[in-house]
Structures are given as C-alpha cells and as structure tokens.
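See structure below.
Every chain is numbered from 1 and lettered A, B, ... according to where its sequence line falls, protein lines coming before strand lines. Bear in mind the structure is a predicted one, so any value in this text is a computation, not a measurement. Computed over heavy atoms, backbone and side chain alike; hydrogens, waters and symmetry mates excluded.
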Amino acid sequence: MENTERLNPQQEQAVTAGNGQILVIAGPGSGKTRVLTQRIVYLMRTMGIRPYNILAVTFTNKAAKEMVTRIEGTLGENVQGSMWIGTFHSVCARILRREAGALPFDSNFVIMDTDDQQSLIKRIIRELNIDEKSFKPNALHNAISNAKNELQFPEDFPRSNYREETLYRVYERYQKDLLASNSLDFDDLLLWTHKLLTDNPQIRDNYRRRFHHILVDEFQDTNTVQYQLLKLLAGPDGNLFAVGDEDQSIYRWRGADYRNILQFEKDYPHCQKILLEQNYRSVQNVLDAAGGVIDRNKNRTPKKLFSDRGAGELIGLYEAEDDRDEARFVADTIQRLIENGNAKGGDFAVLYRTNAQSRLFEDAFLYRGMAYRLVGAQRFYGRREVKDMIAYLRLVFNPHDQISLTRVINVPTRGIGAKAQENLNLAAYESQKSSGAVLLDLGRLGPESVYWPEMGRSALPLADFGAKLMGWREQMNSDPSIVNLMDRIIRETGYQSWLEADSDGEDDRWDNVEELRKMAYEYEERGISEFLQNLALVSDQDTVSENPDCPTLMTLHAVKGLEFNRVFIIGLDDGVLPHSRSFDDPEEMAEERRLFYVGITRAKNSLTLVRAEQRMSYGQTDSMIRSRFLNDIPQDLIRPLNEKTSARMNRTASQRTSRWENSPSWSRGMFSAASSGTSTYTKSSDPIRRTGSSITTKPPAQKSAAKESAETEFHALDKVRHSSWGEGTVLESKIEGDDEIVTIQFKSVGLKKVIAGMTKLVKLSKPIS
DNA sequence: GCGTTACATATTTTT
DNA sequence: TATGTAACGC
C-alpha cells in the first residue's frame, strides 16, 4: 500500500476521529491496515494515549504482527510489551490465564485444536452409545461450536426433542471431558471470557478502565460472542473503532455474521461511519468488474470503488473444453508471460473454490517443470506427526490429559490395543483417577501396583509405557530444555524409524517433526508451559515465506488479504463457483458472490476468468454451464480469449493431450450460452478433499530464488542508526507494497522490523565497532 | 494387533 | 476417482 503519500480525506477522517464509536467501511485495497495503524499512532502521539490503554484485535496472527511492525516502525518505539495487539483468541486466552482464579480451570490450560475436538467427540459418541449414522461427529462438532458461538453453555442448550437431547448429552460430556483435562477449545476461549466478564462486573470494569481505546480489524467476520465481547469490554460509551467490509465476509459457515456491522450502527446510534472507497491496488476495470458482481447483494453499504491507476486491461475470459484444458490454458499462459520476460512467477495467483481443483493445476505445472506454491488445506499443525509429538509433550506436562494420552498411547504401536486401553480406562474410572495417573502407578510400582492384576495380559506393556512417561516427567523437571525432552521421547519411542517406515511415499514427514523441534527451540527460554499454551494459537502462515518467486495456487478463502499482479480465477461454472451446496440458500449464494468478489479484488493489474464446459468429478464427466456470476460483470469489460489461444496451442504440439488433439471444434466464441445451455447440468461437482501439505513449493530446486524487483535503499550488513533504538545492522531489506521493510539487529533491543521512510534511519558510513 | 477388503462419502477452515 | 474408515479374518 502506498504510504509515502498523504492520507486521503476519508482516511484522515478515520484516523483523526475523536472519541466514541467509529465504524470504518473499508473497501478492498483501500488502505485499511494503514488507517488502523495510523489511528493507533494518532491516539498515542496526538491524543496522548498510553499504549497500555489500547487494545487492538485482529483475526489472524499475521495481521496482528503486521500491525505491530507498522506501529513500531512508525513510532520508533517498542509497544509490544504494553499494548495489547492480538487475535480474539489470543487476547481471550491471555485474559483467562490472568483471571483463572475466578474460573473452573487452571491458568496453564491447554488449547485443543479441531482434530482434538473431533476425536474427543468420536470417543464420546461411542461411549454414550449414540447411533453414529444419524449423529456424525462433524455435525455434532458444528452444533457444539455453534452453541458456543451463540453463548450457550450445555445448560442453556435446548432439549425439546430427541435430537436436541442427544446433542445436549454429547455437549455436556464434551465440556466435562475438556475441563477434566484442563483444556479449552477455540470457542471456549471466547465463551469463557464472555462468561467471566458477565459474571464478574468488577473484573469487567478493570478491563474497561484499562482499555480506553479498542480497535477491531475485519469486523465483518465477528460472530456473536466476539461482538458481545467487544461490547462488554468497551461498555456503552467506550471508544470502539471497528474496521470492516460487509462485502468481504466469507466465513458465515463459521458463525461470522456481517450483519454485526448493521447491528453496530443500531447499538451505537451516535457512531460515526466512514467509507473508504479509494482503491490503491487495482486498475479500474478490475474494480468495475468487482462492483458489477457485488452490487447485486443486499444488506450492504453501497460503495463505488475507484482508483487512479487507469483502466488497465480488459478482463480475460477463457472457456475451456474441459478441466484439463482449463489447467493447460492457465499454465501455458503463465509460462508464456514468464518466458517473454513480461512477468515474474511471483506475479501470479491461481484461485479456485475448492481444494480439489488444484490437482490438475499441479499436474500441469509439474509437467512443464514450472515451480509453484500450493497453499493447501492441510495445516502444519494438523499433520499427524506434528500432532503426535505435541500430544507427547502435553501428556508429559499433564498426565491427566486423556485426549493426548489416547492419541499416543499406542503410537508407535507398543502392544497397547483397544482391549488394554479399555482395561486402563475402566480401572481409572473405578478408582476415580485419570487414566494417566493409573498408568504412572503401573509404571512406578510394576507388579506391586494395585492395578496390575486387573490389567491381565496388557499389564506389562502398560507398565512399560507408564515407566517411560515417568522418566520423561523427571527429565522435564530436572532439565528445562524442550528440545532435549523431545529428543528423548523420540529416542525412547523409536518414533523416527516408525514414522519413516510408516509413511509411504510421503518423504517430508520427518521434516515436519524437525520443524516442530525448531519451534520448540525458540521456546527454550520461555519453557514448555508457554510452548504448549501458544502452540494452538500459532498459525503456520507465520513460518512461510511471503512472496516466493513462483505462481501461487490457493482457494478463494485463503487469498483474502493478499494481492497479486495477475490473477486467474478458475472454475467459473455453476455448481463450482456458486457452489452447488449454496444453491438453495440466498444467504449462502450471497456469500459465494462475496467470495468471487474477494477473488477479483486481489488483482492489481490483470484478471483472467476461466471455466470449463466439462468437468470430471468423482470419475464422472459432467457438463457445466457458465457461472451466473459471469453475467454480472459488465460485458464490455470482458475480452474472450479462446480463438487466440487455440491458434497458439495448436502450434505447441508437445504439450497436447490426445484428448483435445482430435477434438473437432473446441474453440468457442466468447459467450457460449447457446451451446452450453443445451447441455445438462448434473448436480455433483463436489470435489474431493486433498490431503496435501499445508504450504508447499515445488519443484524444490526452484524454491528460493532470491529476487526483489524494486531497489531497496538499505541492504544486508549496512550499519544504521535509528532515532530511538540506536545502532544496528541490517539483516534484510525488502519491498512490500510501497514500503521498504528493513529488518535490523539492534545492539540495544535486538531484532526489529522498521519501515524505511516512516522513521529516521541513518546509514552509517563506517561500520560500528 | 495388523493387513485386507468393502463401503460410504466427498466446500470453504482466520483460531 | 480416491480417500478415510469400519469390519473381518489371520
């Protein structure tokens, strides 16, 4: 985003708005982050607010980090210690740990992630003898999550029919089990904080007094609890600065409700509403296309995005014969532009509705030997091997953690099967202890343990594992190093060789464990407790390089907040882009539209839309009709790409597939509504979930090409002086948007990132000694 | 326990 | 198609 220029009048108005409630509707690319950070700077510099009195809430760690970087870069002072900037979840976790005295759990609670929740629910279903056919774990999980988002504890949950009664029983048990392991799930963090602040007015008032100014990012994505929390913290007359955009709300299915924006205006009738419509990212054609699509939605603040970047190219539209042709077209186009020297790999993003769509594109890129980056569904922390190691550490830290125990008790397999676990759990239940406690008893006393006889044949392997667990606990207590503990666990369980033997074809699984080991290393000083506490709240995006020099493949959801020079949106077919699951619900259709809108507005200079007449889904070829959303783009902005590309493609013999080689007339005109209108649309285009790596760059050989188009003023190893942090050495400097972000190792305060130009940064001619 | 097979099931995933 | 898993037999 530009930043050397002055704020535009609306931005200025937002930044310098006085006290009270401010609602900033920030269109895509309108300098939202800048307004937010400048606002904080303004509060501190001009209004004299202490950082201690400011709370800024975001949805992602990345956004929080970015804000810290920018604020510190601008102010030239450290605010991280005093100002609270973080995600809803991390802020709540922090509050809960501070106030645990008033809560039914310990301050060192552990946060369960989605997988943990899922397996816990599965176990409960089995234990309560509930019919697994009519109550799917996923559905139950959703029901519980929704209940929590709507501020319902089990006792508040409706029980007016059999179904609800069953849900209630699972929910109640689920909550009980979580507390028994001193664990909270993501939703609990918000729910318990809400309860804490509601039940304890004096605690609530403490926080109200502290947070004079509350700022929220991505306000359209708040759910009920989150919005209620904000209101609790701000109070009826508080200073609440909310930035959002109804049009970019794409997480409805997770409880997000963009109508909180409307609600905000009702709840705070005196609020100031400011509209940011000037776009600094895209050319006007892209914005007009986006406007055409989004204007059809109701319940929104009408906006007219404008840009001074010129009209730019027309929006390309390619109607492929089938999905392979679709991938082929995109890969060829990208390859051509790169080879011509007209673009760099990093300029491109290929966006799609569902992860399954990435497959053909991966094939196409691999076939051409082109590097690409896949931002995938499978998260780093969701990987089995990573989760296993975390579960081990959690179990050592807290042997009563039943969920972790269940996860690793027989991984790698050590002769503790279903029967043995049953015995163990039963004995625990009967003696009113946790399974972990019984296990430790067996480990310590062996055959002398009172539990030994009832374990039957499984006594030995159980005692053996118990003894190991005991050893690890001793290790943890005598040696604070997490890495040493991890290494010992790996050694004594033979985890590495088991993993390597077990993983068929997947070569990078051990790498993931090593990656976790690295992360643990960073926590050596803070200790295992903090490591475990933070683990679930850390997103893996933080560990990934920002701009690789290659095209990125990702879902429309994942691209939110990013921008690319050239964007391809693929799969513009009814049933894929408005996804067929959304057909019967107008709200869902509106969200599909927003999703498309978000995709379009990622493009800075060039946007190409692609669809396919036929697609393969579940081994079946379906005829598709063009997405209804295409009709909402002003038609004079669209340039059909078919004929041209067809001519070129016929010359590229080596890349043909036999399929379209013989195809009679695959090249269609721009609007093939007539031909496709006759085709039958068969419903299922539901894709399959890919289990891939979270964020992968392939082929690895081309992974880390060092580039940076624009020239940086500072370079690695430059010695510099900063107005308040003193002297330091530049480690890295790179252009992000229009900012130059300089990473500096300061003698006084260590590693910091600074925005050149925002702060006085003087190059020292002579090296500092 | 482990390996096989049959079977249903298949958006999106900030924390 | 392709994947995760439940059920079965060794």
Inset, instruction - May I ask you to check whether A:Thr354 and A:Gln357 show a side-chain donor-acceptor distance below 3.5 Å? - result: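 Yes.
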
Inset, instruction - Say whether A:Gln226 and A:Gln228, considering side chains only, have a donor N or O and an acceptor N or O under 3.5 Å apart. - result: no

Inset, instruction - Among A:Leu232, A:Leu197, A:Ile214, find the one that has a side chain to side chain contact (heavy atoms under 4.5 Å, CB included) with A:Tyr207. - result: A:Leu197

Which nucleotide in the list [options] gets nearest to the side chain of [X]?
| X | options | answer |
| --- | --- | --- |
| A:Ser582 | B:dT14, B:dT15, B:dT11 | B:dT11 |
| A:Glu592 | B:dT13, B:dT11, C:dA6 | B:dT11 |
| A:Tyr618 | B:dT12, C:dA2, B:dA10 | B:dA10 |
| A:Ala256 | B:dT14, B:dT15, B:dT11 | B:dT14 |
| A:Trp253 | B:dT13, B:dT11, B:dT14 | B:dT13 |
| A:Arg254 | C:dA2, B:dT15, B:dT12 | B:dT15 |
| A:Asn355 | B:dT13, B:dT15, B:dT11 | B:dT13 |

Given [N], is OP1 or OP2 found less than 4.0 Å from the side-chain N or O atoms of [X]?
| X | N | answer |
| --- | --- | --- |
| A:Lys560 | B:dT12 | no |
| A:Asn61 | B:dT15 | yes |
| A:Arg414 | B:dG1 | no |
| A:Thr555 | B:dT13 | yes |

Inset, instruction - List in numerical order all residues of residues 84-95 of chain A for which some heavy atom is under 4.0 Å away from an atom belonging to DNA chain B. - result: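 When residues 84-95 of chain A is checked for heavy atoms under 4.0 Å from DNA chain B, the hits, listed by number, are A:Thr87, A:His89.
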
Legend entry - Contacting residues from residues 224-233 of chain A, given that a heavy atom lies under 4.0 angstrom of DNA chain B: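 None, since no heavy atom is under 4.0 Å.
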
Inset, instruction - Name the orientation of the base relative to the sugar in B:dT12: syn if the glycosidic angle is within 90° of 0, else anti. - result: anti

Legend entry - C1' gap between B:dT14 and C:dT3, integer Å: 27 Å

Inset, instruction - Taking atom P in both B:dT12 and C:dT5, compute the distance separating them and give it to the nearest angstrom. - result: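 Between the two P atoms, the distance is 16 Å.
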
Legend entry - From CG (A:Asp188) to CG (A:Leu103), nearest 0.5 Å: 11.0 Å

Legend entry - Aromatic ring proximity, centroids under 6.0 angstrom, A:Phe59 and A:His89: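 No, too far apart.
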
Do any N or O atoms of the protein come closer than 3.5 Å to N or O atoms of nucleotides 2-9 of chain B, and which pairs are they?
| residue | atom | partner | partner atom | Å |
| --- | --- | --- | --- | --- |
| B:dC2 | OP1 | A:Thr413 | OG1 | 3.2 |

Inset, instruction - Using atom types as modelled and distance alone, determine if a side-chain donor or acceptor of A:Asp323 lies under 3.5 Å from a backbone N or O of A:Met616. - result: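 Present.
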
Inset, instruction - Might you point out which heavy atoms bring A:Val598 and A:Asp247 nearest each other, and give the distance in Å? - result: CG2-O, 4.4 Å

